[in-house]
Amino acid sequence: MYNVIEAFKVHIMPTHFKVLAELCEKLEETTKRTLMVNMVADFLKTLKSEEVEPAVSMILGRAFPSWSQQTLEVNWTTLGEIIRRITNVNWETFTSAFSKTGDIGSATKTVLENSMLKRQALLFAKTLTISEVRQNLEKIAETVGHGSREKKERIVEAMLSSASPVEAKYLVKIFIGEMRTGFHEGLMEQAVSKAFQIPINDVQHASMVLGDIGTVAAIAKAEGRKGLLKIGFKVFRPVKLMLAQMAGDIAEALREHGGKTAFEYKLDGARVQIHKQGENVKIFSRRLTDVTESLPEIVEIVKRNLKAEEAIIEGEVIAVDEDDNPIPFQHLMRRFKRVHAVGDAVAAVPVKLYVFDILYADGQSLIKLPYNTRREILAEKIGDIPMPVQLVTDNLEEAERFLKEAIDVGHEGLMAKKINSDYVPGIRGKRWLKIKPTLEPLDLVIVAAEYGYGRRHKWLSDYYLAARDTETGRFLTVGKTFKGLTDTEITAITESLRKLAIKEEHRRVFVIPKIVVEVAYNEVQKSPKYECGMALRFARITRIREDKTPEEADTIQRVREIYERQFLKKGKIKLQNKQ
Ligand code: AMP
């Protein structure tokens, strides 16, 4: 009898979101990986086919599958306001709950549990199913344009008002896209393998090609191993990008790649993955969003040049001046933001495409081929589209000259690509290494700091870095970073900063400018974010300068000089090229 009821439940009854939330709560409580995998596998087995992908996505903290172009656009300030509204607590109660855990989901659970309205909420609760949660998430994502913020808020509010504390906790985590249960994608692959009894290698391969473990799980449930083995690249379904790790210098790159490697200019632009089928071309950004509409001239170039009926290629789009010389990255970003006035932007910010990889052509996956073979195939197919200049060498001096040359012509540095390496989607590995010369470091003063999140929530770990204005004597912020210090240094600096505190605003503490740190960065950008109009890109603290006083720190005038010098360098390129 029991089995009949269970079987009935499995086949007919939709699964409640509460079951998923409670599973996540259990995942959060344990660090035992095998236990986690088993719990998730058992849960996956009970789901209806159409629930599998949404459930897998949600357990990983995603509202939608990774390849989806849909986004919720619900920020955590809005969420905070809604939570306060439905629970009737004031800002301090909420922030103090938040400060205790550093986790907005847990804070939500706490305030809901303590809220006066708790009983009412539970009494009137309409239990959401996993499918209903997904439908609501879709409604939120589809709400765009005038008045959309309010409409989104209403849907979120309705979902949270009828949710129990534990459901609300995980709904909030899905809204902001951060689960923090320790159950990551790799473990999910194992759970899918276990639940549907498919070898892990097949699951991993399918996940790599499809770019989404939820979709893989759904196919595994519906069609089993046979279904997964059929999976191949599909044009217009973006593939996760292969990424690069940073190498300290050229010598390290050569060493990592066994003495000899292929260096390419590292272009400072935006990564694109281009899909073509017949006359149709789509361009996806680094985050796999469809940016085709922002780049009409690139679409034309690809249509004209790419010799394949179907193909997936990758490259970099860079902004150029009227003489085709690279200009700073931020000009290009303006272009991406102006999708609605593309016509004007095309004229204002000309762009140029360089291609450097090919993943698929006319029914054949090419990712298992070695890098140099892929590059040869690409060269045969791309007509007049340029590829980044390449040097294959085992010679350190030659490679260093190549790096200097790359910088001199206005590029960012070099990429080192292991010659016999395959293309591994979604992996930031050592097959590709990036080498960027850093600019001369600056000594800056910490003027404020914020408490971190998660593990760092009790530490002042995010620092506002300032340079002195010699004209007014004021310290002006030029950057913010949480990178570079060890846990011990952060603990010590938190102590020192607390003693220097002038005022506290939410999670930010303003301090007397006293502590000097040495900061490395890759570029000085023009930015409206700070009063001085500039911001350091990729700032990271390299050491604490206990030997320096704030008066000896670098000045705003010096930062401006460095900023201007970047252009001077680019200006020089122009002259050289014209000669
Ligand atoms: P990063 O964004 O610092 O992680 O550096 C990796 C990025 O450099 C890639 O995602 C590309 O957008 C970009 N890039 C520039 N030139 C190349 C190249 N020749 N090969 C691969 N990636 C490149």
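Order of appearance sets the numbers: ligands from 1, and atoms from 1 within every ligand. If you read the sequence from its start, that first residue is 1, and numbering goes on from there.
A distance-only check finds no donor-acceptor pair linking the side chain of R537 to the backbone of Y521 [under 3.5 Å]. A donor-acceptor distance shorter than 3.5 angstrom exists from the side chain of S57 to the backbone of E53, with no hydrogens or angles considered.
Sequence neighbours left out, the pairs with a member in residues 378-407 that pass ring pair (Phe, Tyr, Trp, His ring centres under 6.0 Å) are Y265-F402.
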Give every donor-acceptor pair under 3.5 Å between a side-chain atom in residues 300-307 and any protein atom, sequence neighbours left out.
unit_1	atom_1	unit_2	atom_2	d
N305	OD1	D384	N	2.9
N305	ND2	I301	O	2.9
K307	NZ	E380	O	3.3

List the atom pairs, with distances to 0.1 Å, where a side-chain N or O of residues 361-369 and a protein N or O form a donor-acceptor pair under 3.5 Å, not counting sequence neighbours.
unit_1	atom_1	unit_2	atom_2	d
D362	OD1	E309	N	3.1
D362	OD1	E310	N	2.8

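In the displayed structure, K234 atom NZ is contacted under 6.0 Å by at most 12 heavy atoms of other residues, nucleotides or ligands.
The residues lining ligand 1, counting any heavy atom closer than 4.0 Å, are E264, Y265, K266, L267, R271, R286, E316, F356, P388, M415, K417, R428, W432, K434, K436.
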